[in-house]
Asker: 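One structure coming up, written as structure tokens, with questions to follow.
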Amino acid sequence: MYITTTIPYVNARPHLGHALELVQADVLARHHRRRGEPVRFQTGTDDNSLKNVLAAEAAGVGVRELVDRNAAAFEGLRGALDLSFDSFIRTSTHPGHRAGVERIWRATAHDLYTRHYEGLYCVGCEQFYPEGPCPDGHEAPLQQVSETNWFFRLSRYQDELLDLIRSGRLRVEPAARRNEVLAFVAAGLDDISVSRSAARARGWGIPVPGDPAQVVYVWWDALANYVTALDDAGYERWWVREPRKVHLVGKGVIRFHAVYWPAMLLSAGLPLPTAIFVHDYLTAGGRKISKSSGNAADPAALVHAYGVDAVRWWLLREVPRVGDADFTDARLVARADEDLANGLGNLVSRVAVMVCRFLDGHVPPAGEPLAEVSREVHEALEDVDFRRAARAVWQLVEGANAYVERTRPWQQDTAGREKSLGTLVGACRELAVQLEPFLPGAAARVAAAVGGDRLSRPEPLFPRLSRP
RNA sequence: GGGGCGGUAGCUCAGCCGGUCAGAGCAUCGGACUCAUAAUCCGUGGGUCGUGGGUUCAAGUCCCACCCGCCCUACCA
């Protein structure tokens, strides 16, 4: 499976919303790797956005400097969040990116034409509007622009796109999002502008082949990363031969991924992605998270404060498949204490201690499995429902804790203790296996605590985050 | 303006094609237990399922209108 995240533009540092998408992609990648499937997990940054130029000007630093600094912060999420991406592309520095964008441009030449355009342009949106003000409320005033741009014949692909999505050859999940896209396409597609004046872009971006006065529209540039990130062999393997190509995207950019991108590929005669998984947004304390609104919900800071397991667990266990989710520190702490400390951590602790206390640390033979959850986890992930998958894993924790109460090893003779503790150690080991895609660090610690023939009393795996 | 999503116990939410669908978790309260990170297990209370109509033998579950929140899209029929 080829799994991608969107590549955020790096006008600021990453926020929790980026972390959500990365962690979701990471779970899919780890899950499918665990199943023995070939996986390539791709992410990166969009360095070529005009917004980066503006952010640099506002901050009084060079574009290169700002872009490098912020891109490094995004790439640094790998360590902070235990991400397992195979490659990280930066559109301004990746060796093959520019050439790849140019190649796709040329391959679609039969659908490109120039048109004079006059209108109001919002640099914040990188879009034209018939009237002001900018609907997104960007600070910068709309600019009166009169120029000639390149246009792409998107209108030509309307029927093909409808057929693609309706037939499921291009899967869009959740269904509500698929319907949204279908409604948009069915309403009629206009050709889109796919270049910008190089002068207004301050020379930042990729020049249009054969027209250096124009730079390639940043979305065209950015979308291409899904194939330009791959070298020739990689392209063949992951974009031509791979049967499952999945884009994870936020709800705000569905149109680009489910309409523009497939149309570009159709025009260029290239293979298409097979699925687009759309997540909704996070709010923080009831307020919209935006990169410009300060450093609220900084994932690296949250990891520093609460640990990677708590942060990943909140993102996976608490965020619904449909609908925005509100993040607060209190919710993260409550969820971590309830599930990780009181549930999983305490379970491992009581099991290990009983083995030490009653069986002198010797691990008895494994008993019957307590619950079978791998299938439910898999089905939930196929359905792109991370919360349901995480909940399924937790059935093991609850089942094991209930089993302890039911069998009461402390009241049994040695044979009884061996039987129930054998079952419990087995359950903890299974838990470590099932947990790996979600909380790789925690899974490893659980595995270490209950691995081997002899156990010792473990330190608390997950100390409570709140004061008792 | 058009389209979409959400509005279900104090909180976070499940409820697919209409008929045990009025639920789960947390919180509250009561009980049990003592292996464990003052953790765990069992049970209880609590809701006119946004509002008002309609269809139906039967509607959170379908239709219409409206209110609130959010998203996408467009401001020319």
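Note that the structure is a prediction, hence the values are computed from the model and not measured. Per chain, numbering begins at 1; letters A, B, ... match sequence-line order.
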Asker: What residues form a salt bridge (Lys or Arg N to Asp or Glu O under 4.0 Å) with A:Glu436, not counting sequence neighbours?
Answerer: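 By the salt bridge (Lys or Arg N to Asp or Glu O under 4.0 Å) rule, A:Glu436 matches A:Arg30.
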
Asker: Between B:rC70, B:rU34, B:rU37, which nucleotide gets closest to the side-chain atoms of A:Lys251?
Answerer: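 Ranking B:rC70, B:rU34, B:rU37 by closest atom to the A:Lys251 side chain puts B:rC70 first.
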
Asker: Counting side-chain heavy atoms from CB outward, which of B:rA39, B:rA36, B:rU12 is closest to A:Arg331?
Answerer: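 Given the options B:rA39, B:rA36, B:rU12, the side chain of A:Arg331 is closest to B:rU12.
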
Asker: Does a side-chain N or O from A:Arg357 land closer than 4.0 Å to OP1 or OP2 of B:rC35, or not?
Answerer: yes

Asker: Salt bridge check, A:Arg375 against A:Glu379: does any charged N sit closer than 4.0 Å to a carboxylate O?
Answerer: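 The answer is yes: the pair qualifies as a salt bridge.
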
Asker: Which of the following nucleotides, B:rU40, B:rC33, B:rA36, is nearest to the side chain of A:Trp410?
Answerer: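 My answer, after comparing the listed nucleotides, is B:rC33.
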
Asker: On RNA chain B, nearest-nucleotide positions of A:Arg321 versus A:Glu338: which is more 5'?
Answerer: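 So the residue in question is A:Arg321.
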
Asker: What integer number of Å spans the C1' atoms of B:rC42 and B:rG25?
Answerer: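 Their C1' atoms lie roughly 16 Å apart.
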
Asker: Can you find a side chain N or O atom of A:Gln411 that sits less than 4.0 Å from OP1 or OP2 on B:rU34?
Answerer: yes

Asker: Using heavy atoms and a sub-4.0 Å distance, could you list which residues of residues 308-320 of chain A are near RNA chain B? By number, please.
Answerer: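 Contacting residues: none.
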
Asker: When rounded to the nearest Å, what value does the distance between P atoms of B:rU20 and B:rU37 take?
Answerer: 46 Å

Asker: Could you check if the base of B:rG60 is syn or anti? Syn means the glycosidic torsion is within 90 degrees of 0.
Answerer: syn

Asker: Over how many whole Å does the gap from A:Asp280 atom CG to B:rG4 atom P extend?
Answerer: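 Nearest whole value for this atom pair: 16 Å.
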
Asker: What's the CG-P distance between A:Leu332 and B:rC26, to the nearest Å?
Answerer: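 One finds 18 Å between P of B:rC26 and CG of A:Leu332, rounded.
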
Asker: Please report, rounded to the nearest Å, how far the C1' atom of B:rA27 is from the CZ atom of A:Arg335.
Answerer: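 Rounded to whole Å, this separation is 13 Å.
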
Asker: Quick one: side chains of residues 318-331 of chain A, donor-acceptor pairs under 3.5 Å with protein atoms, not counting sequence neighbours, listed by atom name and distance.
Answerer:
residue, atom, partner, partner atom, Å
A:Glu318, OE1, A:Arg335, NE, 2.8
A:Glu318, OE1, A:Arg335, NH2, 3.0
A:Arg321, NH1, A:Asp383, O, 2.7
A:Asp324, OD1, A:Lys251, NZ, 2.9
A:Asp324, OD1, A:Tyr281, N, 2.9
A:Asp324, OD2, A:Lys251, NZ, 3.4
A:Asp326, OD1, A:Thr283, OG1, 2.7
A:Asp326, OD1, A:Gly285, N, 3.2
A:Asp326, OD1, A:Gly286, N, 2.5
A:Asp326, OD2, A:Gly286, N, 3.3
A:Thr328, OG1, A:Arg331, N, 3.0
A:Asp329, OD2, A:Tyr306, OH, 2.6
A:Arg331, NH1, A:Asp326, O, 2.9

Asker: Say you pick atom C1' in B:rG45 and the same atom in B:rA65; how far apart are they, in whole Å?
Answerer: 37 Å

Asker: Between C1' on B:rA38 and CZ on A:Arg350, what's the gap in Å once rounded to a whole number?
Answerer: 14 Å

Asker: Answer whether the closest heavy-atom distance between the side chains of A:Val216 and A:Trp105 falls below 4.5 Å.
Answerer: yes

Asker: Less than 3.5 Å apart, which donor and acceptor atoms pair up between the side chains of residues 349-363 of chain A and the rest of the protein, not counting sequence neighbours?
Answerer:
residue, atom, partner, partner atom, Å
A:Arg350, NH1, A:Asn401, OD1, 2.7
A:Arg350, NH2, A:Glu405, OE2, 3.0

Asker: In whole angstrom, give me the gap between the C1' atoms of B:rG69 and B:rC29.
Answerer: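 Looking at atom C1' only, B:rG69 and B:rC29 are 34 Å apart.
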
Asker: Would you measure the distance from the P atom in B:rG10 across to the matching atom in B:rG54 and give it in whole Å?
Answerer: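 Approximately 29 Å lies between the P atom of B:rG10 and that of B:rG54.
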
Asker: Output the rounded distance in Å from CZ (A:Arg177) to P (B:rC71).
Answerer: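 The distance from CZ of A:Arg177 to P of B:rC71 comes to 11 Å, rounded to the nearest Å.
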
Asker: Taking only N and O in the side chain of A:Arg408, is any of them less than 4.0 Å away from OP1 or OP2 of B:rC33?
Answerer: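 So the side chain of A:Arg408 is outside the cut-off, no N or O lying under 4.0 Å from OP1 or OP2 of B:rC33.
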
Asker: Salt bridge between A:Glu382 and A:Arg244, side-chain N to carboxylate O under 4.0 Å?
Answerer: yes

Asker: Kindly point out which of B:rU40, B:rC35, B:rC70 is positioned nearest to the side chain of A:Asp324?
Answerer: B:rC70

Asker: For RNA chain B, just give me the dot-bracket, please: Watson-Crick or G-U, both distances below 3.5 Å, ( ) intra-strand, [ ] crossing earlier pairs, | paired with another strand, . unpaired.
Answerer: (((((((..((((.........))))..((((.......))))......(((((.......))))))))))))....

Asker: Could you measure between the two C1' atoms, the one in B:rG47 and the one in B:rU12, and give it in whole Å?
Answerer: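 Rounded to whole Å, the distance is 15 Å.
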
Asker: What verdict does the salt bridge (Lys or Arg N to Asp or Glu O under 4.0 Å) test give for A:Asp385 and A:Arg391, after you've listed the backbone C-alpha separation in whole Å, the side-chain angles of each residue and the deciding distance to 0.1 Å?
Answerer: CA-CA 10 Å; A:Asp385 190 338; A:Arg391 198 169 357 187; 5.5 Å; no

Asker: Kindly state each residue pair satisfying salt bridge (charged side-chain N to carboxylate O under 4.0 Å, His left out) with at least one member in residues 307-317 of chain A, sequence neighbours excluded.
Answerer: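 For residues 307-317 of chain A, and leaving out neighbouring residues, the salt bridge (charged side-chain N to carboxylate O under 4.0 Å, His left out) pairs sorted by first residue read A:Asp26-A:Arg312, A:Asp309-A:Arg445, A:Arg317-A:Asp339.
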
Asker: Between B:rG23 and B:rU28, how far apart are the P atoms? Round to whole Å, please.
Answerer: 23 Å

Asker: Has the side chain of A:Asn342 got a donor or acceptor that lies under 3.5 Å from a partner of the other kind on the base of B:rA39?
Answerer: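 No, the side chain and the base share no sub-3.5 Å donor-acceptor pair.
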
Asker: Could you tell me if A:Tyr226 and A:His257 have a donor-acceptor pair between their side chains, going purely by distance under 3.5 Å?
Answerer: yes

Asker: Rounded to whole angstrom units, what separation is found between the CG atom of A:Asp385 and the P atom of B:rG15?
Answerer: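 Rounded to the whole Å, the gap is 9 Å.
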
Asker: Heavy atoms under 4.0 Å, any strand shown: does A:Leu461 hit a base, just sugar-phosphate, or nothing?
Answerer: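 Base contact - A:Leu461 has a heavy atom under 4.0 Å of at least one base atom.
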
Asker: If each of A:Glu405 and A:Phe462 is mapped to the nucleotide of RNA chain B with the nearest heavy atom, which maps nearer the 5' terminus, i.e. the 5' end?
Answerer: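 The residue closer to the strand's 5' end, by nearest nucleotide, is A:Phe462.
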
Asker: I'd like to know whether CZ of A:Arg115 has more than 12 heavy-atom contacts from other residues, nucleotides or ligands below 6.0 angstrom.
Answerer: yes

Asker: So for atom CG, which belongs to A:Asp453, do other residues, nucleotides or ligands contribute more than 12 heavy atoms lying within a distance under 6.0 Å?
Answerer: no

Asker: Looking only at side-chain atoms of A:Glu180, point me to the closest of B:rU40, B:rU37, B:rC72.
Answerer: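 Nearest nucleotide to the side chain: B:rC72.
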
Asker: Give the rounded distance in Å between these two atoms: CG of A:Leu421 and C1' of B:rC35.
Answerer: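 One finds 9 Å between C1' of B:rC35 and CG of A:Leu421, rounded.
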
Asker: What integer distance in Å separates A:Asp337:CG from B:rA27:C1'?
Answerer: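 Between C1' of B:rA27 and CG of A:Asp337: 15 Å.
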
Asker: Between A:Glu180 and A:Arg178, does any side-chain N to carboxylate O distance fall below 4.0 Å?
Answerer: no

Asker: Taking atom C1' in both B:rU48 and B:rU44, compute the distance separating them and give it to the nearest angstrom.
Answerer: 23 Å

Asker: If only side-chain N and O atoms of A:Arg387 are considered, is one of them under 4.0 Å from the OP1 or OP2 phosphate oxygen of B:rA14?
Answerer: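 Result: yes.
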
